[in-house]
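For reference, the structure discussed in these notes is given below.
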Amino acid sequence: MSIFHIAVGIVLLIFWAVRPLIYKPAAQYFPLKLSAAFTASWLVFSLIVTFPILGHLIFFDGKNPFCSPYMLLAIYKGVSLFYLISLQQSINKTSTSSSVFLSFIALAIGAVANNLFFNENLGLIKVVCIMGFGILGYLFLQKGDAKRLSSKKKRFFAITTLIMASYTVCDHLAIPQIGWYSYLSVSSIVMFFVCLINGISKNNLKTIFTNKFIIFAGVFYSISEFFVIYVSINILPVSVVAVFLRLSVPVVMVISAIKYKEQSLKSQLAFGIVAIILALPIILIK
């Protein structure tokens, strides 16, 4: 990779490392469902702003994506994303490390699902790495910072992991068929309506668009989401983007150890580094 590509990768890493740290205060001081609401609201706002430039992408390959059965996956993602963000914020409130570490386990489960049902050949090395994730996930729940989670939040950990794993499958199937812009648009709009159905009030909406902290978190999320998509399409291979995003997890775990006193620095580094080592073959080996 060139210096430019490495620089772009570092920006990706920073975006993904900052996200959970920005969402941490939101989990502590606001209702959990508000995090999903401001995420959806600012994504929809971003889509409206970018529509004059990117709106033509709705009709992917000249086809109407709304006639495609794959659009159901975008609807599913929108519905489930409300619950994923709410549950992940509940975990983040207690343990930021746990809220990001589960993405590694989700990666492994998603890879298994794609292999079993959608003809992706894992190979022996990937199988060993996925088995390693099973062991590492158990150890993280027993010995890592996740041991501080209550039984209820450990259930949230498991549910969030499964939902996130399902997105690996959904993205893999839907985006090549209906395009990323229509996929993102429908999932974001559906999530916004799910927020309304789940009792987001006018006062909540006022907070979303007037509270400086919430505005910053929502705008940051939207910009980072669009940046990752742009880089994946135009600059770096998706697999390389995935590596940089996963590299952010040990960074978050180290910051959490220092700032929030989550486990020891040594323990956080150990879990983070081992997870990276297990993730690389899954992401990079074809």
Side-chain angles (χ1 to χ4, degrees), residues 8 12 15-16 19 35-86 88 103 106-107 110-111 113-114 117-120 160 162-198 200 205 208-209 217-242 244-245 283:
V8 170
L12 286 171
F15 268 137
W16 242 244
R19 254 197 201 184
S35 293
F38 77 69
T39 301
S41 298
W42 282 100
L43 274 174
V44 171
F45 179 80
S46 299
L47 288 163
I48 293 171
V49 170
T50 59
F51 187 80
I53 301 172
L54 302 174
H56 65 282
L57 297 176
I58 286 286
F59 296 98
F60 183 67
D61 279 351
K63 297 180 289 187
N64 184 352
F66 301 101
C67 297
S68 171
Y70 290 96
M71 189 58 74
L72 294 173
L73 296 178
I75 294 172
Y76 159 75
K77 187 169 185 178
V79 173
S80 59
L81 195 54
F82 168 82
Y83 297 100
L84 181 141
I85 292 176
S86 299
Q88 194 169 17
S103 68
L107 171 70
N114 281 334
F117 303 108
F118 305 109
N119 300 318
E120 282 198 353
T160 304
L162 291 174
I163 294 174
M164 194 175 290
S166 73
Y167 294 163
T168 300
V169 178
C170 290
D171 296 355
H172 172 71
L173 293 175
I175 292 176
Q177 299 297 324
I178 61 176
W180 71 267
Y181 192 77
S182 58
Y183 185 66
L184 178 63
S185 298
V186 170
S187 61
S188 299
I189 292 169
V190 168
M191 179 167 62
F192 179 77
F193 279 108
V194 172
C195 292
L196 294 178
I197 292 169
N198 278 273
I200 296 300
L205 291 174
I208 288 167
F209 292 103
V219 171
F220 185 90
Y221 183 99
S222 299
I223 291 173
S224 62
E225 195 72 17
F226 273 82
F227 183 75
V228 169
I229 293 169
Y230 178 82
V231 170
S232 300
I233 294 172
N234 296 291
I235 300 177
L236 294 173
V238 173
S239 60
V240 176
V241 170
F244 278 109
L245 297 185
I283 296 170

Nearest heavy-atom approach of Asp171 to Lys77 is OD1-NZ, 3.2 Å
Quick check, are the ring centers of Phe15 and Phe220 under 6.0 angstrom apart?
yes
Please check this pair: side chain of Tyr167 against backbone of Leu81, looking for a donor-acceptor N/O pair closer than 3.5 Å.
yes
Reported CZ-to-OG distance for the pair Phe66 and Ser185, which is rounded to 0.5 angstrom:
7.0 Å
Enter the distance from Leu43:CG to Ile48:CD1 here, rounded to the nearest 0.5 Å.
11.0 Å
Hey, does Ile58 have a side-chain heavy atom less than 4.5 Å from the side chain of Phe51?
yes
Hey, could you give me the CG/CG distance between Leu173 and Leu72, rounded to the nearest 0.5 Å?
12.0 Å
Do the non-hydrogen side-chain atoms of Tyr181 and Phe59 ever get within less than 4.5 Å of each other?
no
Note: Met164 and Leu84 closest approach over all heavy atoms is N-CD1, 3.7 Å
Out of curiosity, Ser222 OG to Glu225 CD, how far, rounded to the nearest 0.5 Å?
8.0 Å
Does a side-chain heavy-atom distance below 4.5 Å link Tyr83 with Asn198?
yes
Short question: side chain of Ser166, backbone of Ile163 - any donor-acceptor pair under 3.5 Å?
yes
How many angstroms lie between atom CZ of Phe38 and atom CG of Leu205, to the nearest 0.5 angstrom?
13.5 Å
Could you report the tightest heavy-atom contact between Gly179 and Ser182, atom names first, then the distance?
O-OG, 3.4 Å
Lys63 versus Ser68: any side-chain heavy-atom pair under 4.5 Å?
no
Does atom OH of Tyr76 have more than 12 heavy-atom neighbours, drawn from other residues, nucleotides or ligands, at distances under 6.0 Å?
yes
Which pair of heavy atoms, one from Ser86 and one from Ala36, lies closest together, and at what distance?
OG-CB, 4.0 Å
Closest contact, heavy atoms only, Ile178 versus Phe60
O-CB, 3.3 Å
Parallel, tilted or perpendicular: ring planes of Trp42 versus Phe209, cut at 30 and 60 degrees:
tilted
State, yes or no, whether a side-chain contact exists between Leu73 and Gln177 at a heavy-atom distance under 4.5 Å.
no
Taking Leu184's backbone N and O only, do any of them form a donor-acceptor pair with Ser187's side chain (distance below 3.5 Å, no angle check)?
yes
Counting only heavy atoms not in Phe226 (residues, nucleotides, ligands), do more than 12 fall under 6.0 Å from its CZ?
yes
Using every non-hydrogen atom in the two residues, find where Ser188 and Ala40 come nearest and quote the distance to one decimal.
O-CB, 4.2 Å
Distance check, rounded to the nearest 0.5 Å: Ile75 atom CD1 versus Cys170 atom SG?
11.5 Å
Leu12 and side chain to side chain contact (heavy atoms under 4.5 Å, CB included): which partner among Ile235, Val228, Val240?
Val228
Hey, do the aromatic rings of Trp180 and Tyr183 have their centres closer than 6.0 Å?
no
